[in-house]
Amino acid sequence: MNAISQLGFDVTRIRRDFPILSEKIRGKDLVFLDSGASAQKPVVVMEAMLHAMQHQYANVHRGLHWMSERTTEAYEETRDSIARLLNAADRSEIVFTHNSTEAFNLVAHSFGRGVLKPGQAVVVSEMEHHANLVPWQMLRDAHGVELRIAPITDAGELDMAGLESLLGDGKVGLVSITHMSNVLGTYTPAERIVKLAHAYGAKVMLDGSQAVVHRAVDVQALDVDFYTFTGHKLYGPTGIGALYGKRELLDSMPPFMGGGDMIGSVTYQKSTWAETPHKFEAGTPAILEGIGLNAAIKYVEAIGYPAIAAHETALTEHALARLSSIDGVNLFGRAQDRGGVISFTLDGAHAHDVATLLDRQGIAVRAGHHCAEPLMHRLGVQSTARASFGVYTTLEEIDALADTLVRVREFFQ
Amino acid sequence: MNAISQLGFDVTRIRRDFPILSEKIRGKDLVFLDSGASAQKPVVVMEAMLHAMQHQYANVHRGLHWMSERTTEAYEETRDSIARLLNAADRSEIVFTHNSTEAFNLVAHSFGRGVLKPGQAVVVSEMEHHANLVPWQMLRDAHGVELRIAPITDAGELDMAGLESLLGDGKVGLVSITHMSNVLGTYTPAERIVKLAHAYGAKVMLDGSQAVVHRAVDVQALDVDFYTFTGHKLYGPTGIGALYGKRELLDSMPPFMGGGDMIGSVTYQKSTWAETPHKFEAGTPAILEGIGLNAAIKYVEAIGYPAIAAHETALTEHALARLSSIDGVNLFGRAQDRGGVISFTLDGAHAHDVATLLDRQGIAVRAGHHCAEPLMHRLGVQSTARASFGVYTTLEEIDALADTLVRVREFFQ
Amino acid sequence: MFEDLRDLYQEVILDRGRKPHHGRRLETFDAQAKGDNPMCGDRVTVFLRRDDGRVQELGFEARGCAISVASADLMADAVIGHTPDEIRAMAESFVDMARTGVSDDAALETLRPLAGVHDYPSRVKCATLPWAALQAALDGAAEGVATSE
Amino acid sequence: MFEDLRDLYQEVILDRGRKPHHGRRLETFDAQAKGDNPMCGDRVTVFLRRDDGRVQELGFEARGCAISVASADLMADAVIGHTPDEIRAMAESFVDMARTGVSDDAALETLRPLAGVHDYPSRVKCATLPWAALQAALDGAAEGVATSE
Ligand SMILES: Cc1ncc(COP(=O)(O)O)c(C=O)c1O
Ligand SMILES: Cc1ncc(COP(=O)(O)O)c(C=O)c1O
């Protein structure tokens, strides 16, 4: 079986959709293994944004003229696409944000200050991105909500018993956990988390920033209360993301930011708010980015999650096999259920130095704490290098990484 | 003198930079007079964004690899361009936001809750956009800060005596006023406002969303404390804007949103913040949009503010002359110093109906309350129609508006 | 010049928009509710008097465009004498017609001049706002509704 | 394979990065400060003992890459015996060299192997971090600094 059929779809064809992949870095072919930080963009995304700027653009929701109406339709169609992607019950449950970070801040502010009471608690896990930690710390410090940390096992999986013991006193109002770790690749058992939390009366928010890139998500099947992802990791433009929230929850929350488009009526004494989801969308939205994200979602849907997931599994298994066979390479995370993100260190070389040497050969990996400092403490390291995969990643690129790592080790010996 | 030389620059050449202007609307030439809501984009902006997606893209500030370093450089260069555009003393005084609305919410949150004390007051004027009103109402209701409204005169100018009387008791911590009204076109006397407010110990924020499109701004000469504008009105992409703040003020403020990129170090107990301006920039920023905005700023600089201002003056004078000579047309705002935004009503026809009839002829104007409901009350109307101009607007387009308005009046008689 | 707009602004709409028959606050009423269109500041307040389970009288105060005023006025004609359930069904058909431009519901006969709005998506709300307010009044909602879709 | 990286990773940098001469907390010290690179989690804590207005001894604890450790170590060599003012001037020259790759400051002779970082913008901070911490120690800053530029 050759590499391509092994991957479940025609990666050569897919790579043609991403012109950047034929760039040279310092004379070497680009091997882009940093999609977990931000994915490259297919031509259809560029074309959608370009088309809008060339042919059909105006501010949305406000104009009564043709350009504004058509632009509003194009932008609002993205809400339908996101609702379809996540299988939301209703399009009004999709709130546009600028990224997942804003979604967490929105929920920390509107649900955290507006619905949670001082004395209640929020639970996050030991493997959260700072986006799903710092907003809760700020809520804790401003609003007197306790912050609890659910442990992970040494394999890098969520410790479900540990989580349950944090829920025991019934004070927890929200459990906010990643759906897929950006460091360990771990998928968390979302359905079980939701069932458990609901049994103790807590709502659940899942961080789908990584997960939605690799697997189909069904918020109704999960029965999750809030779900977020960020467009630029899903092959879409920067500046756009989404928050899913159950309608009755969103309805119960005060707005986050104030301004145009989120109001019902305004007088100096008192303003009223627009309906969900608009009350959470203040100001001119990321119109062009919404239009670009729609193209990205359709692109992902056209490939299909089964093929994407199969591809990811093949890449991940290959990478784990190749990297673990290199002397001095340490891999982090051994979760049963894991995706295409692999963190590692190399004995005798700091992750930064490793990244710089790889970069010299055109291989882009990330090195650092990956916006997950407390997890680094838990793992007993300051930083790791991380390779992460996209739909366009090939087995050959993983081989290039492995082969070059052998040389890096020699360089630092 | 023909129309073109009258405008101070070659508008025909400029129009070629905006491909959308040759679109047809329902078979008619597009006459786009809604730039005040959002401007069209020149080819250079499209090319900059496209180039990034095709050749040079990765997440910023985080990667150690070539793509990330180059993308960071391109994105951060925009901060330099904005600092130059506003004549900020230092690039660290420029905070990227997603639009001006976010800038107001940032200041209302970080300065409002973090620096202002309950019992202090914030002053806005009677001609503010909701973006510069609702965040202060939310601050008032959450934090016990009083909200005071500075009156405007019947000519639509800021009533400086009225403003001064609000400052008398020394309780005002911040005066937040538009630099140019999006309804009346009024430029406010920014320098005098700042001097006056400072004399009473209040800081000043100016809403430059409209002003910066038409005139050179010098935050140091104004000695203003905060200044904001939004990229999409300045011929840039959506999803990006900027807040200028004096360094020592920004330093004194707590962050707004939490997440990646805004931290110094993170532990469960306590996190510390990155330096200004990064502590206000949580999460993956609007990278592609920043790159697009840089191209827009350079485009505006290449035309030059003197030419832009002369063009705007010529258009505005022509429009005022033509519209005021039409029976039944009522113009709002007679400020001495005014720019290319003209609100009007037509006797016997509601603004919406006017807009729809104009749209039928390809003429795009906005109708409604323009996100300034309290100002509508002050003017004694529910809504107005509004024509607003950009660098690509021609005298002929204004003539088309005026000629068509005559027919609209007939239609409704 | 505006020939093609005649499908939107039919004579009856221009007339009723200018001089509505029911454009007043009722002296006595059982229910009232207002509808706001936050996008543009339009507002319709509906007053109704019921008797015997049927709407006997309907008046409204509107600040809005020709479409919304005419729609409120034609709505009043259409619903008087009907039960809340009948009116709710009518409202549903009407909203559908405003969006799609067509309807086979015979009850909408007198409302058909408003079908032209479907070509102007941002004006659909103008036509449906009075119906939203009326439904709120029937439901006994105090605060009224803000349509933002 | 990595020939071209020899300008960045010169022998002295690999050596000092691996086995720094001054990589320890001083037993007695007059000042200390730490520098954090929030982007990557690197941290250097600098300890210094002054006498007679001059730095007599400098030690550091670092978690970081070869560049930052080597830079801290070469910095220690370079500053011992100098006054705070001299050190501040040296720091300024050094940061300049790290950014541009060149310097005509003779005082930087032994630091020149670090000039190669200028080609790798994200690594410039690695080289300058110890200097930021040292300046904070001289300024008596308690909290230390987080370089984010
Ligand atoms: C004067 C003024 N302020 C603020 C805004 C808000 O801008 P944005 O919606 O881009 O945040 C606008 C435009 O809508 C405006 O005209
Ligand atoms: C798991 C996870 N959560 C949240 C984020 C934050 O995404 P963004 O920076 O787009 O808000 C990221 C990516 O940086 C991530 O990997």
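Every value quoted in this text rests on a predicted model; they were computed, and no experiment measured them. We name chains A, B, ... by the order of the sequence lines, and we start the count at 1 in each one.
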Measure A/Asn59 against the heavy atoms of chain B and call it side chain, backbone, both or neither at under 4.5 Å.
-> both
Okay, B/Ala39 and chain A: the region with an atom under 4.5 Å from a heavy atom over there is backbone
Using non-hydrogen atoms and a 4.5 Å limit, figure out which bit of A/Ile287 sits close to chain B: side chain, backbone, both or neither.
-> both
Sort B/Val60 into side chain, backbone, both or neither according to what part of it lies under 4.5 angstrom from a heavy atom of chain A.
-> neither
Where does the angle between the aromatic ring planes of A/His55 and A/His51 fall among parallel (under 30°), tilted (30 to 60°) and perpendicular (over 60°)?
-> tilted
Closest-packed option against chain B by number of heavy-atom pairs under 4.5 Å, given A/His232, A/His129, A/Met67 = A/His232
Got a donor-acceptor contact below 3.5 angstrom from the A/Thr230 side chain to the A/Asn99 backbone?
-> no
Centroid-to-centroid, A/Phe96 to A/Phe280, below 6.0 Å?
-> no
Pairing of A/Asp359 and A/Arg26 as salt bridge, 4.0 angstrom limit | yes
Consider only side-chain N and O atoms of A/His370 and A/Thr384, and report whether a donor and an acceptor are under 3.5 Å apart.
-> yes
Identify which of A/Gly260, A/Ala58, A/Ser68, A/Gly362 forms the greatest number of heavy-atom pairs closer than 4.5 Å to chain B.
-> A/Gly260
Interface residue of largest heavy-atom contact number with chain B, from A/Glu126, A/Met262, A/Arg360, A/His377, under 4.5 Å = A/Glu126
Cut-off 4.5 Å, heavy atoms of chain A, and the answer for B/Pro285 is backbone
Looking at A/Glu102, A/Glu289, A/Lys41, which one has more heavy-atom pairs under 4.5 Å with chain B than the rest?
-> A/Glu289
Do A/Thr71 and A/Gln56 have side-chain N/O donor and acceptor atoms under 3.5 Å apart?
-> no
At a heavy-atom separation under 4.5 Å, does A/Ser265 approach chain B through its side chain, its backbone, both, or neither?
-> both
What part of A/Met49 is in contact with chain B, defined as an atom under 4.5 angstrom from a non-hydrogen atom: side chain, backbone, both or neither?
-> side chain
Greatest number of heavy atom pairs closer than 4.5 Å to chain A - which of B/Gly241, B/Pro135, B/Ala372 | B/Pro135
Under 4.5 Å, counting heavy-atom pairs only, tell me which of A/Ala364, A/Ala355, A/Pro19 racks up the most with chain B.
-> A/Ala364
Distance from B/His65 atom NE2 to A/Leu30 atom CG, nearest 0.5 Å?
-> 9.0 Å
Please test B/Ser125 against B/Glu128 for side-chain hydrogen bond (donor to acceptor under 3.5 Å, both in side chains), starting from the C-alpha separation and ending with a verdict.
-> CA-CA 6 Å; B/Ser125 87; B/Glu128 299 308 324; 2.7 Å; yes
Which value, rounded to the nearest 0.5 Å, describes the distance between B/Arg378 atom CZ and B/Leu375 atom CG?
-> 8.5 Å
With a 4.0 Å cut-off, would you call B/Lys270 and A/Asp141 a salt bridge?
-> no
So, B/Ser35 and B/Tyr235: side-chain donor and acceptor under 3.5 Å apart, yes or no?
-> no
So which part of A/Phe18 gets closer than 4.5 Å to some heavy atom of chain B, the side chain, the backbone, both or neither?
-> neither
By a 4.5 Å heavy-atom criterion (distance strictly below it), what part of A/Leu21 contacts chain B: side chain, backbone, both, or neither?
-> neither
Interface moiety of A/Ala103 toward chain B, non-hydrogen atoms closer than 4.5 Å = neither
Quick one: NE2 on A/His61 to OG1 on A/Thr284, what's the gap to the nearest 0.5 Å?
-> 10.5 Å
Interface moiety of A/Phe104 toward chain B, non-hydrogen atoms closer than 4.5 Å | neither
Chain B contact via A/Ala142 - side chain, backbone, both or neither, heavy atoms under 4.5 Å = neither
Between B/Pro254, B/Ala282, B/Pro42, B/Gly290, which residue shows the highest count of heavy-atom pairs closer than 4.5 Å to chain A?
-> B/Ala282
Interface moiety of A/Leu288 toward chain B, non-hydrogen atoms closer than 4.5 Å = both
Whatever's closer than 4.5 Å to a heavy atom in chain B on A/Val124 counts as neither
Answer with yes or no whether the side chains of A/Ser271 and B/Gln137 bring together a donor and an acceptor at under 3.5 Å.
-> yes
Most contacts with chain B, counted as non-hydrogen pairs under 4.5 angstrom, among A/Arg113, A/His98, A/His109, A/Met138 | A/His98
